[in-house]
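The structure appears right after this line, and notes come after that.
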Amino acid sequence: MSLPPWSIGVFTSIDAGLGVHLEVARDLQIPSIQLHTPHAEGRTPEAAEKFLEKLDNYGIELTCVFGGFEGESYADIPTVEKTIGLVPVATRSARLKEMKEISDFTRLLGCSAVGLHLGVVPHDTKSREYADIVEVTRQLCDHALHNEQNIHLETGQESADALMQFIGDTQRTNLFINFDPANMILYGMGEPIPALKKVGSHVRSIHCKDATWSDQPGITWGVEVPLGKGQVDMRAYLKTLKEIGYFGPLTIEREIPQDRERQKAEIQHATELLSQLRKEIL
Ligand code: MG
């Protein structure tokens, strides 16, 4: 990667998902992006070529492509359990096939990391259901390996300990973590800084996002808020990233597509905050 340490990044979308459009990154002179995968009809060689041309024109580097599926809903925590990722049985094989296609499209974009929310992994590690999720993850990792890629699991739906056990159980060398401190709070899965220390050896990409705790953690959502306004201690977050040896992009995620102006303003503010902290800490 040609990016300098702790380059600012932003989570973007083309035709799906909640990220900002690429032009926002260009306007704010943000040098790197993660991309939410386009829908199936947008995952063609022509589309990849066009997107790469844009990235080249804007001087932006793509660092990770995130999978996502029709029918997913983050409405509340029980709905997440029923609809997200490769966990729901009814859609599992179709979604595995689609994740493999997303990995192939990511290769066309010259990118070596594919991220996803796997879904809520069953807690009983001796159960048939748990073994099935381990198996489907292995199949995805093996496909990605053919494409010379790593798989990055987004954090939040498991505690740090459960996530490390899961990664160990898959016995795959290309399975890593996209750490999102706000998700730990939103899902009520643990204090983000101790969690980051626990999973540090496997963190290969991160989100810079902020949130406040629910009064019933794990049962109802916390609230996503602008960076610096929530209960993620951003200074401690960056210090801990330095401690674990993470110097990849600081990718801002702010998901309020219903208010594009505010989204852009808050991302600009986040870039300023992160640039200041980087100056102090790096
Ligand atoms: Mg995230």
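Counting begins at 1 with the first residue of the sequence. Quick caveat, the model's predicted, so the values are computed rather than measured.
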Considering residues at least two apart in sequence or located in another chain, which fulfil the side-chain contact (heavy atoms from CB on, under 4.5 Å) criterion with E158?
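E158 satisfies side-chain contact (heavy atoms from CB on, under 4.5 Å) with V121, A162, L163 only.
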Mind jotting down which residue pairs meet the salt bridge (charged side-chain N to carboxylate O under 4.0 Å, His left out) criterion with at least one end in residues 110-130? Sequence neighbours excluded, please.
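Counting only pairs at least two positions apart or across chains, the salt bridge (charged side-chain N to carboxylate O under 4.0 Å, His left out) contacts touching residues 110-130 are R128-D132.
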Per the salt bridge (charged side-chain N to carboxylate O under 4.0 Å, His left out) rule, what does the pair list look like for residues 228-252, sequence neighbours excluded?
R235-E280
Between K50 and E46, is there a side-chain N and carboxylate O pair less than 4.0 Å apart?
no
Any salt bridge linking R43 with E98? Criterion: basic side-chain nitrogen under 4.0 Å from a carboxylate oxygen.
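Here R43 pairs with E98 in a salt bridge, since their nearest N and O are under 4.0 Å apart.
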Tell me every residue that passes ring-ring contact (aromatic ring centres under 6.0 Å, His included) with H117, counting only those two or more places apart in sequence or in another chain.
Y74
Apply ring-ring contact (aromatic ring centres under 6.0 Å, His included) to F105 and list each qualifying residue two or more places apart in sequence or on a separate chain.
none
Transitively linked via ILVMFWY side-chain contacts under 4.5 Å: M189 with V225?
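Hydrophobic grouping puts M189 apart from V225.
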Is it possible for you to say whether L175 and F66 belong to one hydrophobic cluster, with membership spreading through side-chain heavy-atom contacts below 4.5 Å?
no
Parallel, tilted or perpendicular: which one describes the rings of F176 and H152, with boundaries at 30° and 60°?
perpendicular
Could you pull out every donor-acceptor pair under 3.5 Å between side chains of residues 23-32 and any protein atom, sequence neighbours left out?
residue : atom : partner : partner atom : Å
E23     : OE2  : K54     : NZ           : 3.2
E23     : OE2  : Y58     : OH           : 3.0
R26     : NH1  : Y58     : OH           : 3.4
D27     : OD2  : K264    : NZ           : 3.0
S32     : OG   : I8      : O            : 3.2

For a 4.5 angstrom cut-off between non-hydrogen side-chain atoms, does Q149 reach S103?
yes
